[in-house]
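Taking it in order: structure first as structure tokens, then the write-up.
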Amino acid sequence: MAQKPSIPKGTRDFSPVEMKRRNYIFSVITKVFKRYGFEQIETPAMENLSTLMGKYGDEGDRLIFKILNSGDYLKKVNDKILQEKNSNQLTKYICEKALRYDLTVPFARYVVMHQNDITFPFKRFQIQPVWRADRPQKGRYREFYQCDADIIGSDSLLNEVDLIKIFDDVLTELKIPDYTIHINNRKILSGLAEVFDIADKIIDFTVAVDKLDKVGNEGVLKELAQKGFTEKQLDEIASFLQEEPGLAQLKNRLSTSETGLKGVEELEEVMNYVTQIGLKSAKLKFDVTLARGLNYYTGAIFEVKVKDFPSICGGGRYDDLTGVFGVKGLSGVGISFGADRIYDIMLATNAFPDFTQDQTEVMFVNFGKQETAYCLPVLFALREKGINAELYPDNVKMKKQMKFANEKGVKYVVMAGENEMKDDTLTVKNMHEGSQDTISKNEFLKMFN
RNA sequence: GUGGAUGUAGCUCAGCUGGUUAGAGCGCCGGAUUGUGGUUCCGGAGGUCGUCGGUUCGAGCCCGAUCUUCCACCCCA
């Protein structure tokens, strides 16, 4: 019984045109990463579930794709747990592996496992798919590629500067229109939490503030009120939101917080460097409301936004990512490009170049055995010259062969039948112009010097 | 995970208050043109109406479940 095939929700096939465009994005990113001294690694699609759990918050845990154990996976589970039908409890017993959720945590695991082979500071890049059991929407997939660059084992703020310049270089070359790099520092947010006396509720605070541009001041205050913030705290936060503080005002407000001032100082240093170097097309904007969900960030945080699209890049500094795996005191900072969302923007704005050079440039029409023997040396001579060329594999109607060439975007169609063989020539048709000429094999080959 | 919309030919969509054989444009295939594509003309194929079940004399249309895609929330690249 034939069944209609399908693919899982939120996943996609990539056809030849799409692959050309995707590879173009990857190649630009790869080139720039290398230019800044990053080296590539890959890690397995699956990690031990225990490596991933608890690193992304409760919400993140829910979105991890778990892999069912092979074999009789229920055998080892004790009856009591089975009876309870508690899925969260049960997964521990029936899933020991999971698909990677991002590239940063696997990288931390990699660093710990290979610490003796790595010379620090270690700059690695990684371009691989990640999987999230999210509900798909436009620009939101369950399988998508991240392109990460991280520096681990260096506190220097010069790394932040490099990463900002990488955003600028890549997104300029990809012709992403009108994007802004938002930058903040987690220490500033911690400082504010100290000043507002809400240090224990910093996550609630940052999550709410992050939505400011979406829900406005009232929305943020409403959410905070629901989370149990006191009147006094709400009043202070309200007055803070009113003034849309720049760095100078922030310094005042944070004067009692050592951490907060450190954050401002770091941010100023990074921004001063960037101003000195200059940016090609990026706009760099300090944004106190930028929080980002991932709770392991401790210093700078970045996010690249394009109007009317979901964010295309993210990143930040984490002081102790490897700590949970037993290696303390390694600070890292990294960024991530969301290739699929970049793709969507480039498609919507016609930013892709032509990929005609990837196409077959010359196609030989197949007229039969003898004619094939006559054409083959020329075909392979072309390939030796690096020209993409092919011979139509079957001796079918010319119309069909021409149509094939036309649809594939072939530039030259070569015809060699009885007459050409007799005169030792080739008839070459330029498909773009519709013109054709009969010339010698040598003359033809010279066209490609 | 919560709430809402959606699904008819390969694609974009028509399809009356439920009533014979479900339509169009584009695409595809064939012919006009057995050595010439893209234009033109003529002809043709292609549909379990997402899937399963229910109501009805009768369901593409009504009801339920399920899946897909999309939107909002959550979260994020």
Side-chain angles (χ1 to χ4, degrees), chain A residues 1-12 25 29 56-64 87-88 101-104 127-148 167 203 206-208 210-211 214-215 219 223 290-295 302-306 309-316 334-345 363-368 371 392 395-421 426-436 438:
Chain A
M1 189 67 98
Q3 57 165 23
K4 264 187 193 163
S6 64
I7 53 175
K9 189 194 285 198
T11 65
R12 297 146 300 152
I25 294 172
I29 292 173
Y56 310 105
D58 291 344
E59 187 66 18
D61 285 354
R62 207 196 77 217
L63 298 177
I64 294 172
S87 309
N88 283 338
Y101 176 89
D102 73 352
L103 299 177
T104 307
I127 297 177
Q128 288 190 276
V130 303
W131 294 269
R132 293 184 188 176
D134 209 349
R135 184 169 292 200
Q137 281 180 33
K138 203 174 211 102
R140 166 178 277 192
Y141 307 100
R142 291 183 133 183
E143 177 185 61
F144 61 94
Y145 273 71
Q146 289 193 328
C147 312
D148 275 30
F167 281 142
I203 303 262
T206 54
V207 166
D210 196 39
K211 292 177 199 153
K214 222 177 189 176
V215 298
E223 177 166 339
L290 176 65
R292 296 188 54 74
L294 296 173
N295 34 25
F302 313 109
E303 190 159 303
V304 179
K305 294 180 185 177
V306 175
F309 285 94
S311 74
I312 52 174
C313 308
I335 54 171
S336 180
F337 288 84
D340 304 80
R341 287 181 174 180
I342 289 174
Y343 180 101
D344 291 343
I345 288 177
M363 191 199 87
F364 290 77
V365 173
N366 189 322
F367 284 119
E371 290 86 346
Y392 195 90
N395 179 11
V396 295
K397 262 182 295 188
M398 182 128 171
K399 184 177 167 127
K400 186 168 167 61
Q401 302 192 37
M402 292 299 287
K403 196 168 177 175
F404 173 87
N406 187 53
E407 258 145 44
K408 218 171 163 182
V410 171
K411 188 170 182 197
Y412 298 108
V413 168
V414 177
M415 288 158 284
E418 240 178 85
N419 294 336
E420 287 85 355
M421 284 166 70
L426 300 167
T427 296
V428 180
K429 173 157 183 167
N430 182 321
M431 295 294 278
H432 298 344
E433 292 164 14
S435 58
Q436 69 182 53
T438 301

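Below, read A as the first sequence line, B as the second, and so on, with proteins coming before strands; counting in each chain starts at 1. The structure displayed is predicted, hence computed values, not measured ones.
- Within the 3.5 Å criterion, the main-chain N or O of A:Phe337 finds no donor-acceptor partner in the side chain of A:Gln146.
- Rounded to an integer number of Å, the gap from A:Lys397 NZ to B:rG37 C1' is 14 Å.
- Nearer the 5' end of RNA chain B, as judged by each residue's closest nucleotide, is the contact made by A:Ala133, out of A:Ala133 and A:Ser311.
- Within the 4.0 angstrom heavy-atom criterion, no nucleotide atom of any strand lies near A:Gly57.
- Distance CG (A:Asp102) to P (B:rA77): 8 Å, rounded to an integer number of Å.
- Looking at the side chain of A:Arg341, the nearest of the listed nucleotides B:rC76, B:rG31, B:rG35 is B:rC76.
- For B:rG30 and B:rG7, the C1' atoms lie 33 Å apart once the distance is rounded to whole Å.
- A stacking contact between A:Phe404 and B:rG37 is absent: the pair does not combine a ring-centre distance of less than 5.5 Å to the base's six-membered ring with planes differing by less than 30°.
- Contact of the A:Asp340 side chain with the A:Arg12 side chain is registered, since non-hydrogen atoms from C-beta on lie closer than 4.5 Å.
- Not one side-chain nitrogen or oxygen of A:Gln436 sits closer than 4.0 Å to the OP1 or OP2 atom of B:rU36.
- Contact annotation: the side chain of A:Thr104 approaches that of A:Asp148 to within less than 4.5 Å [non-hydrogen atoms, C-beta and beyond].
- Here the side chain of A:Lys214 is nearest to one of B:rC70, B:rC75, B:rU36, namely B:rC75.
- Taking atom C1' on both B:rU12 and B:rC16, the two are 22 Å apart, rounded to the nearest angstrom.
- Side-chain contact check for A:Arg135 versus A:Arg140: every heavy-atom pair is 4.5 Å or farther apart.
- In this entry the distance linking CZ of A:Arg135 with P of B:rG4 reads 11 Å, nearest Å.
- Under the 30°/60° scheme for interplanar angles, the aromatic rings of A:Tyr101 and A:Tyr56 are found to be tilted.
- Comparing B:rG54 with B:rG43, their P atoms are spaced 45 Å from each other, to the whole Å.
- Picking from B:rG35, B:rC74, B:rC76 the nucleotide with the shortest atom distance to the side chain of A:Arg140 gives B:rC74.
- Nearest nucleotide to the side chain of A:Lys211, out of B:rG30, B:rG35, B:rC75: B:rC75.
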* Given side-chain contact (heavy atoms from CB on, under 4.5 Å), test A:Met363 with A:Phe404 step by step and report yes or no. => CA-CA 10 Å; A:Met363 191 199 87; A:Phe404 173 87; 3.6 Å; yes
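- A heavy-atom distance below 4.5 Å is found between the side chains of A:Ile345 and A:Ile312.
- When all heavy atoms are compared, the tightest approach of A:Gly368 to A:Asn395 is CA-ND2, 3.7 Å.
- Protein atom CZ of A:Phe144 is 16 Å distant from nucleotide atom P of B:rC75, rounded to whole Å.
- Residues A:Arg341 and A:Ser311 meet the side-chain proximity criterion, which asks for heavy atoms closer than 4.5 Å.
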Please list, for nucleotides 10-13 of chain B, all pairs of protein and nucleotide N/O atoms separated by less than 3.5 Å.
none

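- Between A:His432 and A:Lys411 there is a side-chain heavy-atom pair separated by less than 4.5 Å.
- Contact annotation for A:Gln146: backbone-only contact, meaning every heavy-atom pair under 4.0 Å involves sugar-phosphate atoms and none involves a base.
- Residue A:Glu420 is classed as a base contact, given a heavy-atom separation below 4.0 Å to a base.
- Atom CD of A:Glu223 is separated from atom P of B:rC73 by 12 Å (rounded to the nearest Å).
- Residue contacts shown for A:Tyr141 include a base, since a base heavy atom lies under 4.0 Å away.
- Counting any heavy atom pair closer than 4.0 Å across all strands shown, A:Gln401 reaches no nucleic acid atom.
- A:Gly315 comes within 4.0 angstrom of nothing in the nucleic acid, heavy atoms only.
- A:Asp134 comes within 4.0 angstrom of a nucleotide base, judged by non-hydrogen atoms across all strands.
- Nearest-nucleotide assignment on RNA chain B puts the 5′-proximal partner with A:Pro8, out of A:Pro8 and A:Leu63.
- Computed from coordinates, the A:Asn419 CG to B:rU36 C1' distance equals 14 Å when rounded to whole Å.
- A salt bridge is absent between A:Asp134 and A:Arg142: the closest approach of a Lys/Arg side-chain nitrogen to an acidic carboxylate oxygen does not fall below 4.0 angstrom.
- Contact annotation: A:Lys400 does not reach the phosphate of B:rG30 (side-chain N/O to OP1 or OP2, under 4.0 Å).
- For the C1' atoms, the distance from B:rG23 to B:rA72 is 36 Å, rounded to whole Å.
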Could you list all N or O pairs between the protein and nucleotides 38-45 of chain B that sit under 3.5 Å apart?
residue: B:rG38; atom: O4'; partner: A:Asn406; partner atom: ND2; Å: 3.1

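- Nucleotides B:rC61 and B:rC49 are separated by 10 Å at their C1' atoms, to the nearest Å.
- Counting any heavy atom pair closer than 4.0 Å across all strands shown, A:Gly417 reaches a base atom.
- Minimum heavy-atom separation, A:Ile25 to A:Ala339: CD1-O, 4.1 Å.
- Side-chain N/O atoms of A:Thr11 and A:Glu143 include no donor and acceptor closer than 3.5 Å.
- Nucleotides B:rG1 and B:rG47 are separated by 36 Å at their P atoms, to the nearest Å.
- Among the protein residues, A:Lys305 comes within range of no part of the nucleic acid, since none of its heavy atoms lies under 4.0 Å from any strand.
- A:Arg132 places none of its side-chain heavy atoms less than 4.5 Å from the side chain of A:Tyr141.
- Going from the P atom of B:rG37 to that of B:rA32 covers 12 Å, rounded to whole Å.
- The side chain of A:Glu59 lies closest to B:rC74 when the candidates are B:rC74, B:rG30, B:rG35.
- Comparing B:rA45 with B:rA22, their P atoms sit 14 Å apart, to the nearest whole Å.
- A:Asn430 and A:Ser435 are not linked by any side-chain donor-acceptor pair at a separation below 3.5 angstrom, with hydrogens and angles left out of the test.
- Rounding to whole angstrom units, CZ of residue A:Arg132 and P of B:rC76 are separated by 8 Å.
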* To do: Convert the base pairs of RNA chain B into dot-bracket notation, remembering that pairs crossing earlier ones are written with [ ] and that bases paired across to another strand are shown as |; include only Watson-Crick or G-U pairs under 3.5 Å.
  => (((((.(..((((.....[...)))).(((((.......))))).....(((((..]....)))))).)))))....
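- Distances were taken from every side-chain heavy atom of A:Met398 (C-beta onward) to each of B:rU69, B:rC74, B:rG35; the shortest belongs to B:rG35.
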